[in-house]
Novice: 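Dumping the structure here so I can ask a few things about it.
Note: hydrogens, waters and symmetry copies are ignored here, and every other heavy atom, side chains too, is used. Just so you know, ligand 1 is whichever comes first in the structure, and atom 1 is the first atom listed for that ligand.
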Amino acid sequence: MSDSQRLPHVEGLVSSEIANTIQAPQSSFGNAEAQGLLGVIMEQSPLLMSFMDVQFRYVMASRAVLDYLQLTQDQVIGSSIFTNRPGVERILRPALQKVIETGQPYSAQEVPVPNSSREPENDQELFWNVSYTPVRDTSGKISGVLSIVEDVTERVVQRQRLERIAIQEKQKAAQLEVILSNLSEGIGVIDAEGNIILANPMLDQILGRSMLGQNPYRDGSQALGRRQLDGTPLDNKDTISGRVLKGEFVRDYRFLLKDSQGRDHFLAGNGTPIFDETGRVTGGVLLFHDVTEQESQHRELEEAIQATEESQTALLEVSEAVAGITELEELLDRIVEIVPQVTGCDRVGISLYDPATEMTSQAAVYGLPPEQKAEWKAMPPAQRDRTSPYDEIFFEQHQSLVVDMENLIEEARKQGQELPNPYGVKTMFATPLVYKGEVLGMLSLDHSGRTHNFSPREIRVLEGIARLAAIAIQNVQLLTEANQATTLREANRLKDEFLSLVAHELRNPLTAVQGYTQMTQRRLRKAGIPEADLRPLETIIGQAQRMTRLVEDLLDLSRIETGRLELRHEECDLAGRVNQLIETYQADTGKHRLTLELVSGPDHSLYTGRWDGDRLEQVISNLIGNAIKYSPEGGPVNIQLQRQSLSASGARDRNSEALVVHFSIQDRGIGIPVDQQAALFERFYRANNSRDSGLPGLGLGLYISSQIIRLHGGQMWAESAGEGLGSTFHFVLPLD
Ligand code: ADP
């Protein structure tokens with residue numbers, strides 16, 4: 001081997017003995033210049049370059065190898081890579097072995113190798129790009145392997161870190177996606193121009209279309225049918241996005257929106273602007289809730305309350321109006337007078353139908369000037385027209401009609417018919433007066449030549465009136481022919497039917513009001529609304545309870561009339577019951593001072609008997625309630641209980657020495673006109689002064705109370721020195 005074939009310039013790196021045993025590749029070591037270059041490369045290159053013999057001992061190693069092994073070249077040359085770094089043997093030996101056995105080069109990328117350095121805390125895995133090339137001696141026999149290793153750990157770790165971040169980001173995005181798609185709020189993010197750059201599925205659902213890329217700020221009012229709650233169009237600058245883009249924070253802004261099917265939705269929205277570091281608005285986050293259901297419940301509640309008030313007034317007015325009227329003409333005149341008071345229409349007519357002749361004749365009218373009234377009544381009876389499209393609806397199906405008169409006249413004109421419309425009716429409501437499947441006539445009304453939208457609620461009230469009117473008409477018609485006992489009985493039965501109909505009509509809206517109000521109250525309470533704000537709901541519930549009592553009164557009335565009110569006698573401590581009631585009533589009034597005086601001594605057993613305690617409570621409640629109601633200025637309300645003989649009690653029929661408990665209640669209220677005291681215990685009777693002072697009432701309580709006392713074998717009466725002089729109510733109960 002010639003000198004030139006040895007490796008003088010790399011002597012520092014290669015042991016002379018070993019260098020002598022190998023032959024460098026011809027191409028690389030052909031001349032001194034190349035050898036010099038190799039020396040520089042071995043010294044400078046960051047690559048781990050080495051030449052190993054077939055036992056994998058270092059013959060030559062670059063500076064980077066020495067650095068990696070943290071050894072000097074003397075320690076390295078001649079030693080095996082695997083003694084220095086036993087950890088890498090498992091991974092690299094098979095590859096090296098194969099190169100020597102097959103003579104094929106080997107290369108692999110990013111091979112993970114353990115870094116068993118001397119400082120175990122740095123034992124981080126390394127990644128190498130490995131390239132092994134077999135080196136042959138002059139005889140062609142493999143004498144070693146040229147190893148070039150590039151440490152790519154940093155690159156790999158960096159890439160892995162980026163990959164991990166990417167995965168994490170993806171997970172985060174997925175999480176966000178899950179959260180956004182599960183929110184019950186619609187969320188949208190807009191850019192500085194108002195374009196939606198992010199929208200969750202709920203937003204699309206609420207707005208009824210895909211919102212991504214849309215610009216609700218610019219095109220919302222036209223495209224989305226966006227309006228204010230009163231129905232007027234919403235100006236772009238007043239929308240949530242418009243205000244957010246001006247840098248405003250928006251809370252619970254409510255507006256209307258049409259969905260793609262044209263249905264109105266109530267939306268409540270919040271908006272938060274996004275600012276950049278200079279304070280400029282770069283976009284915003286919008287959040288929407290569909291509160292349609294909430295709103296519609298709210299409206300239904302309002303409607304139910306209104307409907308209750310309306311039907312209450314309507315039915316009570318009608319029932320009052322018809323009570324005691326025995327003349328048909330008078331009855332019809334009363335009904336047509338009342339309808340406008342409860343429904344706000346201007347003109348009402350009733351016509352009667354005679355099934356025998358199929359003729360309808362005008363019977364009563366309200367709202368026309370006197371001269372037209374006579375003219376109207378004088379109109380000849382009209383023949384039923386079975387060809388009319390309305391005939392079947394009205395006479396067979398007994399349904400109400402809302403007729404657009406102008407339209408009707410126009411249609412008739414097309415058929416060559418001229419329909420007269422002397423009173424210039426625009427929208428007419430007509431409902432049949434039906435009793436037991438028979439049409440007795442028609443109730444019709446309009447708004448003096450104005451068009452009117454009859455709401456379902458109005459129609460319900462009017463139909464209720466029509467039902468009552470039909471019964472009353474039938475009743476009066478029967479009475480006029482009432483010379484036979486059977487007709488009279490029928491007339492009485494009708495009266496009861498009438499009463500239970502009123503009670504029934506009132507019960508339904510009452511249940512709705514109580515139900516909705518209590519539900520709303522629970523919800524609001526749960527949402528943390530302060531009790532003070534819930535007070536109006538308490539009022540509604542209180543009113544509904546008052547109405548329920550009215551309905552109960554009506555039902556009691558019908559029980560009394562039909563002899564179905566039964567008492568349950570049991571031992572009853574009257575003084576104890578009175579005390580409890582006083583407590584309850586006193587809690588609700590500051591103006592009145594309620595007291596109980598036990599005249600015959602403090603022992604309750606003196607005032608205890610076998611009576612129906614619940615019914616007596618009803619009586620006493622009614623008397624205390626009246627004493628409070630009819631003394632609006634307040635004052636003392638004194639109750640006395642006394643055990644005495646009937647003869648000493650002051651009752652009207654007192655010719656007996658039987659023992660009674662005498663209850664009396666005295667107030668300093670509006671009193672009772674002397675001439676009206678006798679009638680107080682009649683059903684529906686109310687004294688003039690109580691009516692005039694506007695205190696609510698139906699005139700049933702005293703009637704029912706006196707009947708309960710009568711059923712106990714007792715008596716009830718009233719005393720008052722006259723108007724403004726207070727009243728005292730008494731009852732006595734027998735004690736055996
Ligand atoms: P309501 O109070 O509903 O009208 P009631 O049958 O309880 O019905 O009473 C009938 C009428 O008796 C009342 O309308 C009122 O005119 C009169 N009345 C009852 N209690 C009193 C009272 N304490 N003071 C004055 N008037 C009374």
Novice: Is it the case that Asn638 and Thr595 place a side-chain donor and acceptor less than 3.5 Å from each other?
Specialist: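 Distance-only check passes for Asn638 and Thr595.
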Novice: Could you label the plane-to-plane angle of the Phe729 and Phe681 rings as parallel, tilted or perpendicular, counting under 30° as parallel and over 60° as perpendicular?
Specialist: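 Geometry flag for Phe681 against Phe729: perpendicular rings.
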Novice: Output the list of atoms in ligand 1 that are nearer than 4.0 Å to some heavy atom of Leu700, sorted by atom number.
Specialist: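 Checking each atom against Leu700, I get 6 (O), 8 (O).
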Novice: Can you establish whether the number of heavy atoms outside Glu597 located under 6.0 Å from its atom CD is more than 12?
Specialist: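 Yes, enclosed.
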Novice: Using modelled atom types and a 3.5 Å cut-off, is there a donor and acceptor pairing between side-chain atoms of Glu723 and backbone atoms of Gly671?
Specialist: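 Side chain of Glu723 to backbone of Gly671: no pair is present.
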Novice: With a 3.5 Å distance limit and no angle check, can you tell me whether Thr360 reaches the backbone of Tyr353 through a side-chain donor-acceptor pair?
Specialist: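 Answer holds: no.
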Novice: Go through ligand 1 atom by atom and flag the ones less than 4.0 Å from a non-hydrogen atom of Phe729.
Specialist: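 Listed by number with element, the hits are 19 (C), 20 (N), 21 (C), 22 (C), 23 (N).
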Novice: Looking at Ser600 and Arg643, would you say the former's side chain and the latter's main chain have a donor-acceptor pair under 3.5 Å?
Specialist: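 Present.
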Novice: Go through the side-chain N and O atoms of Glu617 and Gln580 and say whether any donor and acceptor fall under 3.5 Å apart.
Specialist: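 No pair is found: no donor N or O on one side chain lies under 3.5 Å from an acceptor on the other.
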Novice: Could a heavy atom of Gln676 be found less than 4.0 Å from some atom of ligand 1?
Specialist: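 False for this residue.
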Novice: List the closest protein heavy-atom neighbour of atom 17 (C) of ligand 1: residue, atom name, distance to the nearest 0.1 Å.
Specialist: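 Looking at atom 17 (C) of ligand 1, the protein heavy atom closest to it is Leu680 CD2, 3.8 Å.
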Novice: Where is the nearest protein heavy atom to atom 16 (O) of ligand 1: which residue, which atom, and how far?
Specialist: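 Nearest neighbour among protein heavy atoms for atom 16 (O) of ligand 1, to 0.1 Å: Ser690 OG, 2.7 Å.
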Novice: Among Asp667, Asn622, Ile704, whose heavy atom sits nearest atom 23 (N) of ligand 1?
Specialist: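 Ranked by closest heavy atom to atom 23 (N) of ligand 1, first place is Asp667.
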Novice: Would you check whether Gly699 has a nitrogen or oxygen atom less than 3.5 angstrom from a nitrogen or oxygen atom of ligand 1?
Specialist: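 Yes, at least one N or O pair falls under 3.5 Å.
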Novice: Taking the six-membered ring for Trp, is the centroid-to-centroid distance between Phe429 and Phe454 below 6.0 Å?
Specialist: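 Judged by ring-centre distance (under 6.0 Å), Phe429 and Phe454 do meet the cut-off.
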Novice: Side chains of Ser649 and Gln644: any donor to acceptor distance under 3.5 Å?
Specialist: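 No pair is found: no donor N or O on one side chain lies under 3.5 Å from an acceptor on the other.
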Novice: Within the 4.0 Å heavy-atom shell around Ser727, which atoms of ligand 1 are there?
Specialist: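 Within the 4.0 Å cut-off of Ser727, ligand 1 contributes 22 (C), 24 (N), 25 (C).
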Novice: For atom 19 (C) of ligand 1, what is the nearest protein heavy atom, given as residue, atom name and distance?
Specialist: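 The closest heavy atom on the protein side is Asn626 ND2, 3.5 Å.
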Novice: Any luck finding a side-chain donor-acceptor pair between Gln618 and Asp556 under 3.5 Å?
Specialist: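 The answer is yes; a qualifying pair exists.
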Novice: Is Gly669 near ligand 1, meaning one of its heavy atoms is under 4.0 Å from it?
Specialist: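 No; Gly669 lies far enough from ligand 1 that no heavy-atom distance drops under 4.0 Å.
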Novice: Distance under 4.0 Å to a non-hydrogen atom of Lys629: what atoms of ligand 1 satisfy this?
Specialist: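 The atoms of ligand 1 under 4.0 Å from a heavy atom of Lys629 are 1 (P), 2 (O), 3 (O).
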Novice: Quick test: of every protein heavy atom, which one is nearest to atom 10 (C) of ligand 1, and how far off is it to 0.1 Å?
Specialist: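 Residue, atom and distance for the closest contact: Tyr685 O, 3.4 Å.
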Novice: Suppose we measure from atom 3 (O) of ligand 1 to each protein heavy atom; which comes out shortest, and what is that distance?
Specialist: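 Here the closest protein heavy atom is Leu698 N, 2.9 Å.
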Novice: Provide, to 0.1 Å, the distance between atom 4 (O) of ligand 1 and the closest protein heavy atom, together with that atom's residue and name.
Specialist: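 Of every protein heavy atom, Arg686 NE, 2.7 Å lies nearest to atom 4 (O) of ligand 1.
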Novice: Tell me the protein heavy atom at minimum distance from atom 26 (N) of ligand 1, and give that distance in Å.
Specialist: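 For this ligand atom, the closest protein heavy atom is Ile672 CG1, 3.7 Å.
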Novice: Without hydrogens or angle criteria, can the side chains of Thr427 and His447 be said to hold a donor-acceptor pair below 3.5 Å?
Specialist: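 Absent: no donor and acceptor within the cut-off.
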Novice: When you measure from atom 27 (C) of ligand 1 to every protein heavy atom, which one gives the shortest distance, and what is it?
Specialist: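 Looking only at protein heavy atoms, the one closest to atom 27 (C) of ligand 1 is Tyr630 CD1, 3.5 Å.
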Novice: Show the atoms of ligand 1 that are less than 4.0 angstrom away from any heavy atom in Leu702.
Specialist: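 The atoms of ligand 1 under 4.0 Å from a heavy atom of Leu702 are 5 (P), 6 (O), 7 (O), 9 (O), 10 (C), 12 (O), 19 (C).
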Novice: Does Ala687 approach ligand 1 within less than 4.0 angstrom via side chain, backbone, both or neither, non-hydrogen atoms only?
Specialist: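 It is both backbone and side chain that touch ligand 1.
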